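Computed from a predicted model, the values in this text were never measured in an experiment. Chain letters run A, B, ... following the sequence lines, proteins first, then strands; residues in each count from 1. FYI, side chains are in, hydrogens and waters are out, and symmetry mates aren't considered; it's all heavy atoms of this structure.
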2 protein chains.
Amino acid sequence: MADGPTITTIAERAGVSIASVSRVLNGLPTRQETVRKVMAAAEELGYVRNAVARSLKSRRTHQVAFAMADVGNPAYLAMLRQIQPVLKSAGYRLVLHSTDAVVADEIDVLHSLGERYVDGLIMSPLRVTEQHLDMLAAARAPVVIIGSVPEGTPVDNVRADSRTGVKLAIDHLYRLGRRTIGMVNGPTDTVPGAARGAAYREALEDLGLPYDEELVEIGDFYRAEGGRAVAALLERRPDVDALMCANDLIALGALDVLRAAGRRVPHDVAVAGMDDTDLAAASWPSLTSVSLGSAERGKAAAELLVDRLKNGDREPRRVTVPPRLAVRASTTGEEPAPYQAPGAERGTP
Amino acid sequence: MADGPTITTIAERAGVSIASVSRVLNGLPTRQETVRKVMAAAEELGYVRNAVARSLKSRRTHQVAFAMADVGNPAYLAMLRQIQPVLKSAGYRLVLHSTDAVVADEIDVLHSLGERYVDGLIMSPLRVTEQHLDMLAAARAPVVIIGSVPEGTPVDNVRADSRTGVKLAIDHLYRLGRRTIGMVNGPTDTVPGAARGAAYREALEDLGLPYDEELVEIGDFYRAEGGRAVAALLERRPDVDALMCANDLIALGALDVLRAAGRRVPHDVAVAGMDDTDLAAASWPSLTSVSLGSAERGKAAAELLVDRLKNGDREPRRVTVPPRLAVRASTTGEEPAPYQAPGAERGTP
DNA sequence: TTGTAAGCGTTATCAA
DNA sequence: TTGATAACGCTTACAA
């Protein structure tokens, strides 16, 4: 942990000026003999370039930040997993910010761009407030937002399409012959809750099915809460033959409760989740689930940012990632063969 | 995205020297009038300190790196989730490195400490090679290793105890009356594979049970592979009444295959996994699983590093985190009540 | 081809 | 209490 050598140390050792050292290190035209001497000295001293000093001079840190509410959330994790390699291969390090779903922390991150410790930022805010928009307009580094921003906001933007996602699932249930399709949602004062609730209603309308408030139950985006909500729904409407759950955890809660109630899935009640997390493939029966393309959104966001860091100013771009329905046993009854490898699973070590 | 103001800009605006600006900004004793002028100018200009310049001067970046094979791996994710808040509250940013299980990449990360873009590093290497040890001895910043390093290695070190972990599970199975306990392991040329295989053998010995090679099957740490291995084992030893699986994915594969074979879990065959991932609680039947304390290890590592960054040189410290057995239905047959909230689940948004 | 020197934006020393 | 100035470690004109 001794103090590292600098170009000055090398210059002395090699008997040349620091300018020559720098030139050699950067591959600029230099006399062969000088190159040799400098390389030898650098080698002997175990020289490594000081990234901070380079950044100060070049005004580039080769770092990019990714800010989201919580890495533990599978959706953000999926984004992160795609963002990382894109940045890495473009030569950027990744700085991770967890904002714990606190808006003030998000604003903080935007503000901290002024410190210039990163060249750009990818942010997936919970919701975009007025304050966000103000800060975005004044941001001191390029920002890519994963989520929706108003037309005209001067940032690149990647969005999901949860409305179409819900529709995919509802249409699927309808084609399977289900006509009494309930909805188990999370709080409707959240962005996803509101969007998914509205989408459910629209999807029914498109199919000519009546919207019935009795078939809708609001809980929270967790397994136990989801289970409770499903129990209440079943109590009220024992004739329900399908459940559209606003996320996978709620759907797992639904499976718990249906099993306890002696209802067979999908024979009596078909169940669909959303987000297509690892849990969907792990549960039994495995869970049909709508993927909103978190992985793709992460990848797109990283690519947009890298592109912008190359080409300073172009028009802000917008990318919308289409949803995808992963059909599994909880609606069709057909478990995949046990030996068939599911997607990218990860385990020990 | 205009070029940000610097202390020079402020100095001009306030009609004072840059030294005064710096003093005010750092809360050093200054005349009230000067403070006012400087603060006003800083405010108007929307000044934010340049972190890079500060770092160059102070030789501290307030950044810490965490390097592991793959964030997608639940064990590393659990570490990350604990590391993040510890660092954050200590005033450090987190730089994330995924090494993709490539040893050269790990060495690279160690080498890059010389660039001084971080004040310290937490690393969870796959295995610690000679080269690792050489680099660690010469590391240009404090390092905490999650994993085992030889006695005398000059780094703080946090380790799990997989041997005791396996023993916990085997003892549990034994107490439930199982006497023909099979082992489904991953490759034994990996560190976890070797350790868990050896621990299985020892645990049996401790109980006075014979070690029988026929009861051991090697596959890989994935669900499909695990299933295949279990099928082979069942074929050879249909009398097996319990399966110790080297991780949760293997255990899920075991559940798949046992179900397909018409064997009831746990009535005919009890199943235990390892790592206690989210999947263990999500599966059905829910999975008894050994936690090796990834979360605790992450937390301990972060705390060790923060402590060392405060108190330059103290003796290297070693922390061992004890394993814990999460008992669930795959061994006891008792599903938790559906309404009972499982651990910290995360979902939408 | 090489060296001198300025400058990136700070902090910190030293006189005034 | 303040200002001029020298670092921090690097890149890059500009001169030699």
Side-chain angles (χ1 to χ4, degrees), chain A residues 2-42 45-63 112-119 140-141, chain B residues 2-39 41-42 45-63 91 112-119 140-141:
Chain A
D3 238 35
T6 71
I7 51 170
T8 308
T9 333
I10 297 183
E12 286 166 1
R13 180 103 165 203
V16 300
S17 73
I18 61 166
S20 285
V21 175
S22 177
R23 276 186 292 258
V24 171
L25 260 23
N26 290 299
L28 296 178
T30 316
R31 189 158 51 109
Q32 214 30 250
E33 171 63 6
T34 309
V35 171
R36 208 193 41 68
K37 284 191 296 188
V38 168
M39 294 308 262
L45 293 167
Y47 173 79
V48 182
R49 271 193 192 76
N50 183 308
V52 177
R54 296 193 96 196
S55 295
L56 180 58
K57 189 72 188 134
S58 66
R59 297 154 152 283
R60 292 199 134 235
T61 60
H62 299 283
Q63 295 193 154
S112 74
L113 288 180
E115 296 178 21
R116 308 210 146 281
Y117 66 98
V118 285
D119 297 339
R140 297 261 166 84
Chain B
D3 238 37
T6 70
I7 50 170
T8 309
T9 333
I10 296 182
E12 285 166 1
R13 179 103 165 204
V16 299
S17 73
I18 61 167
S20 286
V21 174
S22 177
R23 275 187 292 258
V24 170
L25 260 23
N26 290 297
L28 296 178
T30 315
R31 191 158 50 109
Q32 212 33 249
E33 171 63 6
T34 309
V35 172
R36 208 194 41 68
K37 284 192 296 189
V38 169
M39 293 309 261
L45 293 167
Y47 173 79
V48 182
R49 270 194 192 74
N50 183 308
V52 177
R54 296 193 95 194
S55 295
L56 180 58
K57 191 70 187 138
S58 67
R59 297 152 154 286
R60 292 198 134 235
T61 61
H62 298 284
Q63 295 193 155
S112 73
L113 288 179
E115 295 178 22
R116 308 210 146 280
Y117 66 97
V118 286
D119 297 339
R140 297 262 166 84

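Side chains of A:T61 and A:Y117: a donor-acceptor N/O pair is absent below 3.5 angstrom, by distance only.
In B:Q32, the CD atom is not crowded: 12 or fewer heavy atoms of neighbouring residues, nucleotides or ligands sit closer than 6.0 Å.
Listed candidates were C:dT4, C:dT1, D:dT1. Nearest to the side chain of A:R31 is C:dT1.
No contact: B:V52 has no heavy atom under 4.0 Å from any strand.
For residues 7-20 of chain A, every residue pair satisfying the salt bridge (Lys or Arg N to Asp or Glu O under 4.0 Å) rule, not counting sequence neighbours, is listed here: A:R13-A:E44.
Put simply, the side chain of B:K37 does not reach to within 4.5 Å of the side chain of B:M39, judged on heavy atoms.
Listed by chain and number, the residues in a salt bridge (Lys or Arg N to Asp or Glu O under 4.0 Å) with B:R31 amount to none (sequence neighbours excluded).
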Worksheet item: For nucleotides 8-16 of chain C, read 5' to 3', which letter fits each nucleotide if B means a protein heavy atom sits under 4.0 Å from the base, S means only the sugar-phosphate is that close, and - means neither?
Response: BBBBB----
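Between B:R140 atom CZ and D:dG9 atom P the separation is 12 Å, expressed in whole Å.
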